[in-house]
K.L.:
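Okay, handing you the structure first.
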Amino acid sequence: MFYNVSKEDEYLFQGKRKRLVEILKTKGIKNAKVLAAIEKIPRHMFFDTSTARPALLDHAYSDKALPIGAGQTISQPYTVAFQTEQLAISEGEKILEIGTGCGYQTAVLIEMGAKVYSIERQKTLFDKTKLFLPYIGYKGAKLIYGDGYKGLPQFAPFDKIIVTAGAPYIPNDLLLQLKIGGILLIPLGEGETQEMVWLKKVSASNFDKKILGNFKFVPLLQNKSGN
Ligand code: SAH
């Protein structure tokens, strides 16, 4: 069911990952743990098996967003590295991810030592990633099929919340489920690009806010999909 590569291929992919890490450094990523995670995780295995042609695998370690099935994409490595760095994760922190997709960002968060909760609204992607992450050795995450706009009140509060799809507005439920002192990172906007919004909850109703540049995401959609 999942794409598998030979030992020689694996050696080749390790070299490609090292080069990707160098590219991310030149683009400004500094956090050593983030870079180590990108160097370790086999990104070429995260693609949709039906589209995992050699041509696509060749691009697995270029700094691009690529298809993962169900009309969704795996985020660009720079975006994943940037968001992870901005979360400033400490070992053992409880993190909520909205938009599991193929689970690549989830694997990066696990490598950071976080306790990860991740929500996906596409049933087919959810079913696949739930099998795939443990298959490649990432067993610790709690994966949930649901609507990320609502967060996970039963597991709140969270130290950090990361949204990996472009939102038309900041869902109030996510603000409520953040710890005081916690950070929410959310790409905001419905157009071609989104502004990366960084919010720190300084009290129950007060937030510090920064805008961290423009990025490109698939949209954050309302409600669960039936398939
Ligand atoms: N984190 C992924 C990014 C996947 S793209 C990675 O590492 O590559 C964004 C994902 O968000 C898609 O899989 C999409 O189906 C999902 N999504 C969109 N709206 C959502 C919502 N309301 N709740 C949960 N997931 C959502």
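We count ligands from 1, going down the list as the structure has it; atoms in each ligand are counted the same way.
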K.L.:
Is any N or O atom of G103, backbone or side chain, closer than 3.5 Å to an N or O atom of ligand 1?
P.N.:
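There is no such contact.
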
K.L.:
Counting heavy atoms only, which of P77, G71, G148, A167 comes nearest to atom 23 (N) of ligand 1?
P.N.:
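That would be G148.
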
K.L.:
Run down the list S118, G151, S225, G99 and name the one with the heavy atom closest to atom 10 (C) of ligand 1.
P.N.:
G99

K.L.:
Just distances here: any N/O of Q105 and N/O of ligand 1 closer than 3.5 Å?
P.N.:
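Such a contact does occur with ligand 1.
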
K.L.:
Would you say T106 touches ligand 1, if touching means a heavy atom closer than 4.0 Å?
P.N.:
no

K.L.:
Can you tell me how the ring of F13 sits relative to the ring of H44, calling it parallel under 30°, perpendicular over 60° and tilted otherwise?
P.N.:
parallel

K.L.:
Judging by distance only, is a nitrogen or oxygen of A165 under 3.5 angstrom from one on ligand 1?
P.N.:
no

K.L.:
Considering only heavy atoms, does N223 approach ligand 1 within less than 4.0 Å through its side chain, its backbone, both, or neither?
P.N.:
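Under 4.0 Å from ligand 1, N223 contributes no heavy atoms.
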
K.L.:
Measuring from non-hydrogen atoms of K224 to any atom of ligand 1, is the shortest distance under 4.0 Å?
P.N.:
no

K.L.:
Could you give the distance from NZ (K201) to CG (L174), rounded to the nearest 0.5 Å?
P.N.:
10.5 Å

K.L.:
Tell me the nearest of Q83, Q72, Q222, E97 to atom 12 (C) of ligand 1, using heavy-atom distances.
P.N.:
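Heavy atom nearest to atom 12 (C) of ligand 1 belongs to Q72.
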
K.L.:
Between K224 and Y145, is NZ or CZ placed under 6.0 angstrom from the six-membered ring centre and within 45° of the ring axis?
P.N.:
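Because its charged atom sits under 6.0 Å from the ring centre and within 45° of the axis, K224 does stack over Y145.
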
K.L.:
What protein heavy atom sits nearest atom 15 (O) of ligand 1, and how far off is it?
P.N.:
E120 OE2, 2.6 Å

K.L.:
Note the single closest protein heavy atom to atom 25 (N) of ligand 1, along with its residue, its atom name and the distance in Å.
P.N.:
R121 N, 3.3 Å

K.L.:
At a 4.0 Å cut-off, with the gap strictly under it, does some heavy atom of V80 reach an atom of ligand 1?
P.N.:
no

K.L.:
For V218, which part has a heavy atom under 4.0 Å from ligand 1: side chain, backbone, both, or neither?
P.N.:
side chain

K.L.:
Counting only nitrogen or oxygen atoms and a 3.5 angstrom limit, does Q122 reach ligand 1?
P.N.:
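In this structure, Q122 places no N or O atom under 3.5 Å from an N or O of ligand 1.
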
